[in-house]
2 protein chains.
Amino acid sequence: MTNIDAPDSSRLMSIAAVERDCGLPKDTLRVWERRYGFPKPLRDHNDERLYPADQVATLRLLRRLVAAGHRPGRVVGRPDEDLFALLRQIDSQAPRSVGGEGQQVLKLLEAYDAAGLREVLNAMVMRAGLGAFAAEIGPGLAEAVGVAWSRGELEIHQEHLFTEQFTTVLRSAINAAQGAGVPRRRPRVLFSTFPQEPHALGLLMAEAMFTLEGCLGISLGVQTPIPEIAAAARAHEVDILALSFSSMIPVTQAVAGLSELRALVPSTVEIWAGGACAGLRPKPGVRVLRALAAIGPAVTAWRACEDGRIAQV
Amino acid sequence: MTNIDAPDSSRLMSIAAVERDCGLPKDTLRVWERRYGFPKPLRDHNDERLYPADQVATLRLLRRLVAAGHRPGRVVGRPDEDLFALLRQIDSQAPRSVGGEGQQVLKLLEAYDAAGLREVLNAMVMRAGLGAFAAEIGPGLAEAVGVAWSRGELEIHQEHLFTEQFTTVLRSAINAAQGAGVPRRRPRVLFSTFPQEPHALGLLMAEAMFTLEGCLGISLGVQTPIPEIAAAARAHEVDILALSFSSMIPVTQAVAGLSELRALVPSTVEIWAGGACAGLRPKPGVRVLRALAAIGPAVTAWRACEDGRIAQV
DNA sequence: TCCGCGTGTTTGTCCTGGACAAATACGCCT
DNA sequence: AGGCGTATTTGTCCAGGACAAACACGCGGA
């Protein structure tokens, strides 16, 4: 039966805990160990793997490198220095803009200043406006925090703190925008994420963008089973299903889930996918929006198309 | 490499797709097949399992029955009629008299009326006040929805919808209360849940109660690793750790986690636990609050005690 | 009658080592 | 340089065995 599985108890983690923490399936962890000699976990009295914290940290680096295109055979098992060097290489050629806002937020997080963080985020929304905040500043902040965390510069609880404050600020801004005079009209949009995707930030930013366009939005929150997303789409008679994918979710699961979902909802319902997940590719019946800023024009286009369809009839 | 995994193409699903949709791990699916002879999937040319849609539907029934307390050995493999009969039996013996508010909310959920639901919840807060809403009405609503779901009267996505609207309304009420004139002062309280506990509603209602008492609240959101909760408690120099436990979390894990946490934080930090989890018992250094209404008096008592300690010095 | 406790059964998760197809890299020919 | 067939890499699946935690059951004492 399941062990207590404290995901960090005494700095040793079970294979299930590592799977959750790093997003690498159990099978993959075992086959890497067999083929490349890494990771090399300790064993408990029953011969079950116990991963030390440092190996888990290295696994997180590896996950980022593989997601960035490196092949496991070339990087798994190499010393941490090499991995850091490769990561720096990627980071440097990445667009790279942890702007001043990012620095400011990281400083507040390091000082554990929750109230100050919230004030600063609120000020950013006020100054830049909800659209610019959700489309540009927000993703930048989220990435800066994610990078700092994967580098070990931030504790998990600091990341939680950021998420919580960010959510609060953005949600209240969305509420304010909904209350404002703009009349709500179609498309009707349903927001959610797949069961393996617990990150709500991307979804919330998307919701902000759709709200600014005057769409009718309904959110199911995160981690809805795929058949349930389909059922909700039918029940609410939505025009668009908006799904968010972070870089943590395995690409294979994302595309498999999208196929499944596509088969379950009528073709009149569009599926729009977005988020930091790298390998996301457009497929028949699934639209991929690379950036949040693309949502506005896409909604405009949808409305034009819809008007055309009505005129035809 | 992974198959395309079209999990519904021609109504046959791979084992990975079934894991996603039913929430039953691959290992469990295989061991049920080995031990009980069900499910009995077809095989593809490479001997991999292909589950027909009807078996997947039965697996969903089984999951509900097992969650309701039936043991797999007694139900897996029995014909669908029996399973339906058992489900009806569970439903009928469920307690349940739901208040007028619960009825209203359930009706709105059945009508998929998200906007109406939000309005009604908002009206409840206004009429009853935040304290009565969080301490009495909220828990009643949450239970009514939970019961309706376990009876199969509500889909998962309807429960998600409720959670989302409830969260939005309560959070904005908390924000308003924080903004209001009451000066914030100690105790400083940190909110979170254990890693196995994804339910945020109880935590949010507790946050509302503490906020009304004028406490300094910091939330980490749900599912924080236990060592991280301890680290955050030290970093933020909190006086009280407030933890929420739903009835879904195994009691053994809850008490084990509380012991672990108690050992990790200084004894000057109090740990207060609450929620619907039945077996929660007070232990040395851990206080159990049975109802949300108990928070107010408890905070008053804490302050009195604290004043005494200061006076002594 | 009810509760606490030791014993036996059930159950989920982990293990090893092998297999294979999809994805990717490589070498060859035009 | 660019298209194409072959070789390597890689993730996921399989079988069948093992074990500890969770659970049910029966016994003896209050």
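Small disclaimer: the values here were computed from a predicted structure and weren't measured. In what follows, chains are A, B, ... by sequence order, proteins preceding strands, each numbered from 1.
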Determine, step by step, whether A:Ser246 and A:Glu197 satisfy the side chain to side chain donor-acceptor pair (under 3.5 Å) criterion, reporting the C-alpha distance in whole Å, the side-chain angles of both residues, the deciding distance to 0.1 Å, and the verdict.
CA-CA 7 Å; A:Ser246 80; A:Glu197 175 61 74; 2.9 Å; yes

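The terminal axes of the helix from C:dT1-D:dA30 to C:dT30-D:dA1, fitted over 5 pairs per end, subtend an angle of 30° to the nearest 10°.
Listed by chain and residue number, B:Thr58 satisfy the side-chain hydrogen bond (donor to acceptor under 3.5 Å, both in side chains) test with B:Asp80 (two or more places apart in sequence, or in another chain). Shown here are the side-chain hydrogen bond (donor to acceptor under 3.5 Å, both in side chains) partners of B:Arg30, two or more places apart in sequence or in another chain: there are none. Shown here are the salt bridge (charged side-chain N to carboxylate O under 4.0 Å, His left out) partners of A:Glu33, two or more places apart in sequence or in another chain: A:Arg43, A:Arg49. Residues satisfying the side-chain hydrogen bond (donor to acceptor under 3.5 Å, both in side chains) criterion with B:Glu155, sequence neighbours excluded, are absent altogether. Partners of B:Arg262 by salt bridge (charged side-chain N to carboxylate O under 4.0 Å, His left out), not counting sequence neighbours: none found. When the salt bridge (charged side-chain N to carboxylate O under 4.0 Å, His left out) test is applied to B:Glu159, no partner is found at least two apart in sequence or on another chain.
To the nearest angstrom, C1' of C:dT11 lies 13 Å from CG of B:Leu24. As a whole-Å value, the separation of B:Arg71 CZ from C:dT9 P is 12 Å. With rounding to whole Å, B:Leu29 atom CG is found 15 Å from C:dT11 atom P. C:dC14 atom P lies 11 Å from atom CG of A:Asp44, rounded to whole Å. The CG-C1' distance, from A:Leu62 to D:dT10, rounds to 15 Å in whole Å. Atom NE2 of A:His45 and atom C1' of C:dT13 are 13 Å apart (whole Å). Atom CZ of A:Arg63 is separated from atom C1' of D:dG11 by 14 Å (rounded to the nearest Å).
The side chain of B:Thr28 places no N or O atom within less than 4.0 Å of a non-bridging phosphate oxygen (OP1 or OP2) of C:dT11. At D:dT9, none of the side-chain N or O atoms of A:Tyr36 fall inside 4.0 Å of OP1 or OP2 (strictly under the cut-off). Note on B:Trp32: a side-chain N or O is less than 4.0 Å away from OP1 or OP2 of C:dG12.
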Side chains of residues 220-232 of chain A: which donor-acceptor partners sit under 3.5 Å, not counting sequence neighbours?
| unit_1 | atom_1 | unit_2 | atom_2 | d |
| --- | --- | --- | --- | --- |
| A:Gln223 | NE2 | A:Pro195 | O | 2.9 |
| A:Thr224 | OG1 | A:Ser192 | OG | 2.7 |
| A:Thr224 | OG1 | B:His160 | ND1 | 3.0 |
| A:Glu228 | OE1 | B:Ile156 | N | 3.3 |
| A:Glu228 | OE1 | B:His157 | N | 3.1 |
| A:Glu228 | OE1 | B:His157 | ND1 | 3.0 |

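The side-chain heavy atoms of A:Asp21 and A:Met13, taken from C-beta on, include a pair separated by under 4.5 Å.
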I'd like a list of close polar pairs between nucleotides 14-18 of chain D and the protein, N/O only, cut-off under 3.5 Å.
| unit_1 | atom_1 | unit_2 | atom_2 | d |
| --- | --- | --- | --- | --- |
| D:dC14 | OP1 | B:Arg49 | N | 2.7 |
| D:dC14 | OP1 | B:Arg49 | NH1 | 3.0 |
| D:dC14 | OP2 | B:Arg30 | NH1 | 2.4 |
| D:dC14 | OP2 | B:Arg49 | NH1 | 3.1 |
| D:dC14 | O5' | B:Arg49 | NH1 | 3.0 |
| D:dA15 | OP1 | B:Arg43 | NH1 | 3.2 |
| D:dA15 | OP1 | B:Arg43 | NH2 | 3.1 |
| D:dA15 | OP2 | B:Arg49 | NH1 | 3.1 |
| D:dA15 | OP2 | B:Arg49 | NH2 | 2.5 |
| D:dG16 | N7 | B:Arg34 | NH2 | 3.1 |
| D:dG17 | N7 | B:Arg34 | NH1 | 3.0 |
| D:dG17 | O6 | B:Arg34 | NH2 | 3.4 |

